[in-house]
Amino acid sequence: MQSYRIKKINFTDVFMWVVGAALLLLIVVGSFLTLQEEKYTAVQWFDLAVFGLAQGSVYALIALGYTLVYGILRMINFAHSEIFMSGAFIGYFAASSMQKSGFMQENPLLGILITFFVAMTTSTVLAVLLERIAYRPLRGAPRLVPLITAIGASFFLQYVFRGLFGTHNRAYPEIEIIKGTVPISGDFQIQKIQIVVILAAALMMALLVLFVQYTKTGKAMRAVSEDKAVAALMGIDVDKIIVNTFALGAALAGAAGVLYCFMFRIVTFYMGFIPGIKAFTAAVLGGIGNPAGAMLGGLFLGIFESLGPTLFLDGLGIPAPYQLKDVIAFTMLVMVLIFRPTGILGERLSKTKA
Amino acid sequence: MTDILTATGVTKQFGGLTAVNNLSIKIPDQSISSIIGPNGAGKTTFFNCVTGFYTPEMGAIHFRGNRIDGLRSDQVTQMGVSRTYQNIRLFSNLTAIENVMVGYEPHLKTNWLDAVFHTPRYHNDEKAAHEEAIKLIRFVGLTGLGDQIARNLPYGAQRRLEIARALASKPGLLLLDEPTAGMNPNETVEMMHFIRNLRDSFGITIMLIEHDMRLVMGISEQVTVLDFGEKIAEGTPKDIQSNPRVIEAYLGRGAATEGMAAATGKPGKPH
Amino acid sequence: MSSIQQQNTFDWKKTLQIGLIGGAVGVLIAMVGMVEEFNKRDIIAGTLTMGWTILSLTMLVTGLFAARAAASNASSVVGSIVAGTIFGAVMSILVWIVDKYNIRDILVNASPTLVKHLTFEKGIPNGLFMLIGLGAAVGGLGGVIQILPENIRRAISLGLGIAALLGLLQEIIQVSLANFEGASKAVEWMFGKGTEKGLSLAGAILVFVVVAAGNYLWTGNASKISAGFEKLPQSSRKSFRWLGYGLLFLALIYLPVVLGLYLTEVVNVTGLFILMGLGLNIVVGFAGLLDLGYVAFYAVGAYTVGVLTNLSGELTLNLGWNFWLALPIGVALAVLAGVALGVPVLNMRGDYLAIVTLGFGEIIRILALSDFLKPHIGGSQGIVNIPPPGFLDVIIKTPQTLYYLIVAGCLLALFISSRLRDSRLGRSWKALREDEDVAQAMGINLVATKLLAFATGAAFSGLSGSILAIKLGTIYPHSFALLISINVLALIIVGGMGSIPGVFVGALLLAGMPELLREFAEYRLLIYGALLVVMMQVRPEGFWPEATHKRELHAENAEPQAEGGAA
């Protein structure tokens, strides 16, 4: 017998719908006003978009680390942002020493590869140590405990790096072959570094997808994310897979660190915090636990964040809209978690209510 | 006799899986009835629909004439429905008495200000909750264990504590989900008497999900059989025992064609 | 493992492992700069510096762990000595490297000064031999401590700990006791002379002996005393309690007089954290909702008071209101913010809740910093010229006067927290924390319960922020960083989640101590981070746990649910 649903509409739902609608209105009106003013040229929009794509690629790489670990352990590795930072940091030492010795100038390609190698090794080692020391003993603990551990680890790592390496800003050396721009047509051009970032990230993501889909370890990872107990019964060494997952996510984050620093140059101990949160937002946006979602979410967030302030905040007359760039990302996080907690591509893993 | 609970055409789906399919049940007031069926038949899902944990996609559930499907579980409890769980879900780290006191919630009126200023209302509520909790703890046979941490109680005691907690809200309808799981035959018989006593003394309507046929056939006035989310039989225990569809669902086609076979006393639970 | 097997085997591998890990930790401590920085302060005047204390402690713990890994007493001590030696060796290698090669560009603390410190100014190789020797000795000591019976071990540890603590706090103690004539002689004897810091050697030994012996004797008799106390009739127990409260109250009133200006200021800062801690304790500890954006309410309280009372004339609102009028508004707005934050996160759990609330906190901070809102709330320059309020005849400006305001706030929060904890709402929060779905099934309205938690927590934080505004007279957005939220979270966890006395313990340790011991400032968050990680491993219920939490976090140690067996 078909009958109508009693949908109890409560105050809190209304509140959220109003807020959501207001934000949407803000975006639409703001964009309209900005575009109407015709303050920005097509070239400028293009630049912003490409920049957003590049930044989004970095977010995507970091987001993969979050999503892979969440898929396996159902926890947010809060310290992942420091894994990212560690790769960038140690990669810096490699890059700058090669620059000083002249090696980098003579063999730029090799130099870059070595930098990546050093960065990714560092981040992987650190992540594996973290898992072994801090997370593994807490496997069965109530949820709050590993989360607090992760928060503690995050701050610990930040300040250890600060203590070890000091507070002065260091800058990645400028590498000749990736300096400058490549013209496209007319006034449109792309920075070489942006091309490198986008392509490198895309390559790594493709490799990851292949790995997870077709290799034995990759399949084992998927099995463990689905159901740890059953995977163990099938003979999979769950601990080893968990370590592998951490390592994989960390390697990507380390690479992301190098790419990020190619673009933004400055290396500091706190550089991981904001990109970390954005990457997490991206992972949730795409659907936590879903690697494809993380990639998609990263790219989307990067572009939205890059275009956003100029597109809809400027039109509303907000001074210095780029200051509120992060607010856009955080607001997006909140909205996604409220209205579509399973993300764009939906959670691959069913999150049953209790 | 009126029906305290009526479910009409209830359907609950999870993605592509239909857990409960077009289920209609009438539960007479102050009766003891059971829902049985193989594992995965949708019994607990149905309970969850009644208590508001799930909202059915189709159909309606009425309690004492009021529509309850779609309400939140706290609203359903406030209306007089209470339950226990298949895998005991006590507040493990609270004491037994604290557990039962939480169950008394629908009868508490203390608010934030009362609590801060220790108004008469606060004192009355605390006293009433405490007394009721002690009374119920004695009633279920856990006298003296009130200050024990729920997690540390033996299994049987935990089951009884859960029932005490469910009774604290003074429900009109009590849903018991596999109350005798893990119990030996003696304990099962005790539970049988206990359930009957509940109904006789307090006039509570009781619905059971059970696998122990002794219990089911022993105290149920009405038995509903589910398989794959659908009702395949309903009636008195006697009717059910000789229903070939029921036998088939539990024991497979072969057993059904062998003719009458009582589920009672058969070794091993259906899986 | 059978004892027969263990008697003669010596687990070289494990011992080596422990020694290496210990040494690595020691290296880390040195390279992060703690040795140099902490060596500026003496624990025992002229003899033992804080830096060496930390290193020695690490050696001790290394020896302790090595001893634990061994089976027999003999091999325990041997193992601990070996581990300590390895520790010393690892550190020696570090020192040698730092001395030989210039890696200062990379590791900023790899300086000749560090070499000087670590070789006891005796240079290489003599200093290194001493270092290794120290490692062996202290490691061995750790091993010895490990094999001692439990009560002696506890007595010694406590003795050492209290002695170290007193050495650290030498300044406060000297200042406080300076007000009392008779004490000055004792103080002079026990502590360093003149500008020397820390305890004197004699003083240290005395403290150690007194505390250790006292603890040893006490544990034997403690149960007798508390049993005796329990036996007293209810009425006299109650009067004892009231007597205790009365004494405490008197102490509170006279504290600023005793402590003097500087220390009262330290107490004030601690007090503001206690106030915030009591609030977050409700949200995280009682209700189990991990709010990482807690600093937002602090900001709302502070900014509201700042905007409403400031006399700078630079902001759009130039009202110059009275603080006592602005205060309730500040708290009310904080409560509103708490509800506004709570509504969107009602359906979120655990990790998600944490991240989203963190996002909120950051949004508030960025908005406070932005040019967009600058005309109204001051942007990166903040709000200046917030006048101190008056109360009766007094202007609340000095640390002493602020002290009473802050204490009043803390007492209010304490009162409300305790009352709520022992009520329907408190039980609902506990149930919510245990199992949200079942709590709802019991008839608890989750929306109201959660929002009340957020609102109450926000209220306390807003109160704290409001007081901060007039305490400082100016507010900057930089005071409202995530770090504050983490600081408050750390202190309630260290004290014990959900435990009201724990908030006080945590605040004393993580808000009070850093104010006193300035050397720690550089390493504050490093220590907090490490503390959080370590505590979650060994003592997640905190130092003064709330009963329920202690059970929850040691679930593995609970008795198994045997059928028919009694608990």
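Note on naming: letters A, B, ... go to the chains in the order of the sequence lines (proteins, then strands), and numbering restarts at 1 for each one.
With a threshold of 4.5 angstrom between heavy atoms, B:F117 approaches chain C through N, CA, C or O but not through any side-chain atom. Within the 4.5 angstrom heavy-atom criterion, atoms from both the backbone and the side chain of C:I444 approach chain B. B:F91 touches chain C through backbone and side chain together, each having a heavy atom under 4.5 Å away. Heavy-atom distances place no part of C:S418 under 4.5 Å from chain B, backbone and side chain included.
Counting non-hydrogen atoms of neighbouring residues, nucleotides and ligands closer than 6.0 angstrom, the NZ atom of B:K135 reaches no more than 12 such neighbours. Around the CG atom of C:N347, the shell of radius 6.0 Å holds no more than 12 heavy atoms that belong to other residues, nucleotides or ligands. Heavy-atom contacts from other residues, nucleotides or ligands closer than 6.0 Å to CZ of C:F249 number 12 or fewer. Few gaps surround NE2 on B:H107; more than 12 heavy atoms of other groups in view lie less than 6.0 Å from it.
Among B:L145, B:T51, B:T77, the residue making the largest number of heavy-atom pairs under 4.5 Å with chain C is B:T77. Contact count versus chain C (heavy atoms, under 4.5 Å) is highest, among B:E126, B:H118, B:Q78, for B:H118. Across B:V102, B:D114, B:D74, the residue that shares the most heavy-atom pairs under 4.5 angstrom with chain C is B:D74. Highest contact tally toward chain B, considering only C:G443, C:S423, C:S417, is held by C:G443 [criterion: heavy-atom pairs under 4.5 Å].
Two residues are said to be in side-chain contact when any heavy atoms from C-beta on lie closer than 4.5 Å; B:R165 and C:V438 meet this criterion.
Smallest separation of non-hydrogen atoms from B:F53 and C:D437: CE1-CG, 3.7 Å. Across all their heavy atoms, C:M442 and B:G103 have their closest contact at SD-CA, 4.0 Å. Nearest heavy-atom pair, B:W112 versus C:L425, reported as atom, atom and distance to 0.1 Å: CD1-CD2, 3.6 Å. C:R427 and B:L108 make their closest contact through NH2-CD1, 4.2 Å (heavy atoms, listed as atom of the first residue, atom of the second, distance).
Checked options C:R433, C:K430, C:E434; the residue passing with B:N93 is C:E434 (criterion: side chain to side chain donor-acceptor pair (under 3.5 Å)).
Rounding to the nearest 0.5 Å gives a distance of 6.0 Å between OH of B:Y122 and CG of C:D422.
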